[in-house]
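Read the numbers this way: they start at 1 and go in the same order the structure lists the ligands and their atoms.
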Amino acid sequence: MKNILTLCFTLLLLVGCGNEPKKEKFTYKRTKTEIKPVVNSTRLVLNSNDLMMFDKNLLKGQAGKEINLILNHTGKIAKEFMGHNFVLLKKDVDVDDFAQRAVIAKDNQYIPEGDETIAYTNMLGGGESDSITFTVDEPGSYIYICTFPGHYQIMKGEFIIE
Ligand code: CU
């Protein structure tokens with residue numbers, strides 16, 4: 001009896017196997033890693049170096065259009081000695097006054113308290129980068145500086161919003 005049962009069971013298994021739906025072929029969806037085009041956004045790259053210089057003193061953007069700015073510090077000197085940032089000032093800000101107050105704002109990455117900036121990056125040392133995104137609504141000429149002590153008179157540029 002036991003043998004018959006075993007036989008039945010084996011048969012069942014075999015039949016079962018036979019009926020088993022064929023495994024579907026392995027399919028996969030190709031998911032493209034899309035590099036999204038920068039739609040409705042202006043991308044700007046500004047470099048700074050160990051010689052205390054920005055590589056551009058004129059930048060342009062459009063009013064109301066998102067601006068993505070990447071600041072690179074292409075040098076090697078640490079930020080305690082050759083720190084650089086990008087600080088875009090509002091229109092009526094007194095640059096000298098702002099920069100002088102920035103010197104004593106070390107604890108806040110040399111950004112003085114107040115409401116005088118449109119956008120700014122982190123203070124960078126050699127080899128570092130930062131990226132910021134901002135929008136300026138009003139066309140005109142704006143000033144950007146590096147607020148590290150002693151830098152702004154050289155590290156200064158005009159940002160034109162068209
Ligand atoms: Cu600097």
Fill in: Of T147, N122, N85, T121, the residue whose pairing with Q109 passes side-chain hydrogen bond (donor to acceptor under 3.5 Å, both in side chains)
N122
Worksheet item: Which single N/O/S atom of H84 lies at minimum distance from the Cu ion (ligand 1)?
Response: ND1
Worksheet item: Angle at the Cu ion (ligand 1) between SG of C146 and SD of M155, to 10°?
Response: 110°
Worksheet item: Can you list the steps and then say if T42 with N68 is a side-chain hydrogen bond (donor to acceptor under 3.5 Å, both in side chains)?
Response: CA-CA 6 Å; T42 304; N68 173 233; over 6 Å; no
Worksheet item: Which residue, K91, R101, K90, forms the side-chain hydrogen bond (donor to acceptor under 3.5 Å, both in side chains) with E116?
Response: R101
Practice prompt. Run through D130, D55, N47 and flag the one making a side-chain hydrogen bond (donor to acceptor under 3.5 Å, both in side chains) with N72.
Written response: N47
Discussion item. Please give the atom name: the N, O or S atom of H151 nearest to the Cu ion (ligand 1).
Written reply: ND1
